[in-house]
K.L.:
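Before anything else, here's the structure in question.
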Amino acid sequence: MITLSLLGLSLLSLVCHVLSGPVRTPESASDPTRRPLVIWHGLGDSYASPGMLNFISLVKEMHPGIFVHSVYLDENLEEDERAGFFGNVNEQLEFVAEQLANVTELQSGFDAIGFSQAGQFLRAYVEKYNAPPVHNLITFGSQHMGVSDLPLCRPWDLLCQLARRAARGGVYREWAQTNLVQAQYYRDPDQLEAYLAHNTFLAPVNNEVPETRNATYAANLASLNALVLVLFAADKTVVPKESSWFGSYAPSNASRRDAADKTIVPMRLQPLYTEDWIGLRTLDESGRVVLETCEGEHMHLSDGCWRPLVQRFVGEILDEDDGYTAASAQGVLRVQ
């Protein structure tokens with residue numbers, strides 16, 4: 001099992017000195033040309049943590065010859081981890097779009113995997129940029145309809161606790177909406193007016209604000225070959241866990257606000273689906289939305305969970321006339 005979760009800074013420091021530049025791995029001349037892969041780590045992790053490097057290695061064993069790019073927000077590992085808590089998501093997306101546009105091996109398109117919050121960030125990349133384009137998008141435990149409570153922190157994770165405390169103090173205030181990452185996808189079903197008026201990331205990306213609805217978002221998302229949405233059955237980090245499948249809590253009855261009384265609005269009953277604000281209904285009705293469940297807690301990836309999906313939706317062998325630009329005779333695994 002692979003666990004991609006909050007990692008201590010001490011672990012990161014152990015690998016800093018070997019990750020100061022690209023990591024190059026040998027590739028057999030007989031390896032086929034495959035569609036490259038982009039992965040984006042989750043909250044509390046970094047682009048080149050031991051867990052991420054292990055996952056990349058396993059993917060390369062499964063699909064020999066594949067080029068993998070791990071998205072980073074800062075080349076410094078500690079700062080990259082910090083950027084998962086603090087920053088402006090829209091500015092971060094612009095930075096990532098420019099980053100991907102400058103990776104030669106990605107120019108003809110790629111498959112993408114987003115872990116936890118990176119899943120909705122990669123979906124936002126598809127909707128807002130998609131140049132170079134995404135072919136298949138897999139999101140593990142992501143928060144496509146936001147969260148109705150902020151992620152819990154491990155007792156020793158002071159960075160997480162600081163961000164959580166600051167966000168809860170005023171989640172829809174301007175400072176939180178431009179500086180606290182989790183606040184920018186916080187969707188309180190009992191404060192929808194405030195959410196629609198002040199949220200700077202999720203509400204626009206989900207095309208929930210009529211005045212700013214963008215048809216390009218729907219067209220871009222509908223261009224995906226497949227959108228694979230993975231929910232963790234025992235997820236207590238994502239509230240509600242059904243957000244991974246575009247589900248959300250319905251507004252609470254004023255007299256009944258206990259968690260047990262909350263009703264889930266599933267994907268196909270969401271207005272963004274029924275009115276096709278983001279192209280999700282178009283994808284689904286053409287058989288290109290895949291709903292998968294993995295047993296276990298948030299981001300606990302058993303082999304039975306991730307391997308069949310990565311085998312099926314990643315690493316397609318490409319013909320020469322597909323226009324793919326190979327790296328070179330020597331494969332390059334970049335973890336810049």
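Residue indices begin at 1 and follow the sequence shown.
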K.L.:
For a 4.5 angstrom cut-off between non-hydrogen side-chain atoms, does Val314 reach Ile66?
P.N.:
yes
K.L.:
Shortest non-hydrogen contact from Gly247 to Pro240?
P.N.:
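Smallest interatomic distance, heavy atoms only, reads O-CG, 4.4 Å.
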K.L.:
How close do Ala124 and Phe201 get, counting heavy atoms only, and between which atoms?
P.N.:
CB-CE1, 3.7 Å
K.L.:
Backbone N or O of Val103 within a donor-acceptor pair of the Gln107 side chain at under 3.5 Å?
P.N.:
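Yes.
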K.L.:
So do Glu105 and His69 actually touch side chain to side chain, heavy atoms under 4.5 Å?
P.N.:
no
K.L.:
Please determine, by modelled atom types, if Arg123 and Asn206 share a side-chain donor-acceptor pair under 3.5 angstrom.
P.N.:
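Result is yes, a qualifying pair exists.
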K.L.:
Looking at every heavy atom in both Asn130 and Val126, which two are closest together, and how far apart are they?
P.N.:
CB-O, 3.1 Å
K.L.:
Given side chains that start at C-beta, do those of Val147 and Gln182 come closer than 4.5 Å, heavy atoms only?
P.N.:
no
K.L.:
Is atom CD of Glu285 surrounded by more than 12 heavy atoms (other residues, nucleotides or ligands) closer than 6.0 Å?
P.N.:
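Atom CD in Glu285 is packed in, count exceeds 12.
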K.L.:
His144 vs Phe246 aromatic rings, parallel, tilted or perpendicular, using cut-offs 30° and 60°?
P.N.:
parallel
K.L.:
Could you please spell out the steps behind the side-chain contact (heavy atoms from CB on, under 4.5 Å) verdict for Val38 and Val71?
P.N.:
CA-CA 7 Å; Val38 168; Val71 169; 3.5 Å; yes
K.L.:
For Val89, which of Val205, Thr200, Val181 qualifies under side-chain contact (heavy atoms from CB on, under 4.5 Å)?
P.N.:
Val181
K.L.:
Measure the CG-CZ distance between Asn88 and Phe95 for me, rounded to the nearest 0.5 Å.
P.N.:
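If we round to the nearest 0.5 Å, Asn88:CG and Phe95:CZ are 14.0 Å apart.
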K.L.:
Do Asn76 and Glu79 meet the criterion of a side-chain donor-acceptor pair at a distance under 3.5 Å?
P.N.:
no
K.L.:
Checking the side chain of Lys241 only, and the main-chain atoms of Ala233 only, is there a donor and an acceptor separated by less than 3.5 Å?
P.N.:
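Answer holds: yes.
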K.L.:
Can you tell me which residue among Phe140, Phe55, Phe313 is in a ring-ring contact (aromatic ring centres under 6.0 Å, His included) with Trp306?
P.N.:
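Going through Phe140, Phe55, Phe313 one by one, the ring-ring contact (aromatic ring centres under 6.0 Å, His included) with Trp306 is satisfied by Phe55 alone.
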K.L.:
Without hydrogens or angle criteria, can the side chains of Tyr185 and Gln117 be said to hold a donor-acceptor pair below 3.5 Å?
P.N.:
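A donor-acceptor contact under 3.5 Å links the two side chains.
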K.L.:
Would you say that Ile264 contacts Tyr249 through its side chain, given a criterion of any heavy-atom pair below 4.5 Å between the two side chains?
P.N.:
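Yes, their side chains come closer than 4.5 Å.
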K.L.:
If you measure from CG on Asn220 to CD1 on Ile278, what distance do you get to the nearest 0.5 Å?
P.N.:
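Nearest 0.5 Å value for the CG-CD1 distance: 12.0 Å.
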K.L.:
Nearest 0.5 angstrom please: Arg187 CZ to Leu202 CG, how far?
P.N.:
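The distance works out to 7.5 Å.
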K.L.:
Rounded to the nearest 0.5 Å, what separation is found between the OG atom of Ser244 and the CG atom of Leu229?
P.N.:
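These two atoms lie 8.0 Å from each other.
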K.L.:
Please lay out, stage by stage, how Gln143 and Ser116 fare under the test side-chain hydrogen bond (donor to acceptor under 3.5 Å, both in side chains).
P.N.:
CA-CA 7 Å; Gln143 302 90 46; Ser116 194; 3.3 Å; yes
K.L.:
Going by atom types only, do His135 and Asp111 share a side-chain donor-acceptor pair under 3.5 Å?
P.N.:
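Checked: His135/Asp111 side chains show no N/O donor-acceptor pair below 3.5 Å.
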K.L.:
Mind checking the CG-CG spacing from Leu106 to Leu100? Nearest 0.5 Å is all I need.
P.N.:
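So the gap between those two atoms works out to 6.0 Å.
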K.L.:
Do you reckon Tyr217 sits in the same ILVMFWY cluster as Val289, going by side-chain contacts under 4.5 Å, direct or chained?
P.N.:
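Different hydrophobic clusters.
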K.L.:
Compare every heavy atom of Ala112 with every heavy atom of Leu122, then report the nearest pair and how far apart it is.
P.N.:
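Here Leu122 and Ala112 meet closest at CD1-CB, 4.1 Å.
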K.L.:
Over all heavy atoms of both residues, which pair between Ala48 and Leu53 is shortest? Give the atoms and the distance, please.
P.N.:
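For Ala48 and Leu53, the tightest heavy-atom pair comes out as O-CD1, 3.6 Å.
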K.L.:
Nearest 0.5 angstrom please: Leu227 CG to Arg288 CZ, how far?
P.N.:
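Reported value, rounded in 0.5 Å steps: 10.0 Å.
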K.L.:
Is the shortest side-chain heavy-atom distance between Glu91 and Thr178 below 4.5 Å?
P.N.:
no
K.L.:
Are Met62 and Val68 connected, step by step, through hydrophobic side chains (Ile, Leu, Val, Met, Phe, Trp, Tyr) whose heavy atoms are closer than 4.5 Å?
P.N.:
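Cluster IDs for Met62 and Val68 match.
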K.L.:
Can you find a pair of side-chain heavy atoms, one from Val310 and one from Ile113, that are under 4.5 Å apart?
P.N.:
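Yes; the side chains approach each other to less than 4.5 Å.
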K.L.:
Without hydrogens or angle criteria, can the side chains of Ser302 and Glu295 be said to hold a donor-acceptor pair below 3.5 Å?
P.N.:
no
K.L.:
Judged by modelled atom types alone, do Lys128 and Asn214 share a side-chain donor-acceptor pair under 3.5 Å?
P.N.:
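Looking only at side-chain atoms, Asn214 and Lys128 do not form any donor-acceptor pair under 3.5 Å.
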K.L.:
Please name the pair of heavy atoms, one in Val238 and one in Ser243, separated by the smallest distance, quoted to 0.1 Å.
P.N.:
CG1-CB, 4.1 Å
K.L.:
Should Gln184 and Gln177 be marked as a side-chain contact (heavy atoms from CB on, under 4.5 Å) after you check the CA-CA gap, both sets of side-chain angles, and the distance that decides it?
P.N.:
CA-CA 5 Å; Gln184 293 163 66; Gln177 287 295 315; 4.0 Å; yes
K.L.:
For His41 and Ser49, which I'm curious about, is there any donor-acceptor pair between the side chains at under 3.5 Å?
P.N.:
no
K.L.:
State, yes or no, whether a side-chain contact exists between Leu224 and Val134 at a heavy-atom distance under 4.5 Å.
P.N.:
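Leu224 reaches Val134 side chain to side chain.
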K.L.:
May I ask you to test the Val96-Tyr129 pair for a side-chain heavy-atom distance under 4.5 Å?
P.N.:
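Result no, sub-4.5 Å side-chain heavy-atom pair not found.
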K.L.:
Following the transitive rule for hydrophobic clusters with a side-chain heavy-atom cut-off under 4.5 Å over Ile, Leu, Val, Met, Phe, Trp and Tyr, establish whether Trp277 and Tyr273 coincide in one cluster.
P.N.:
yes
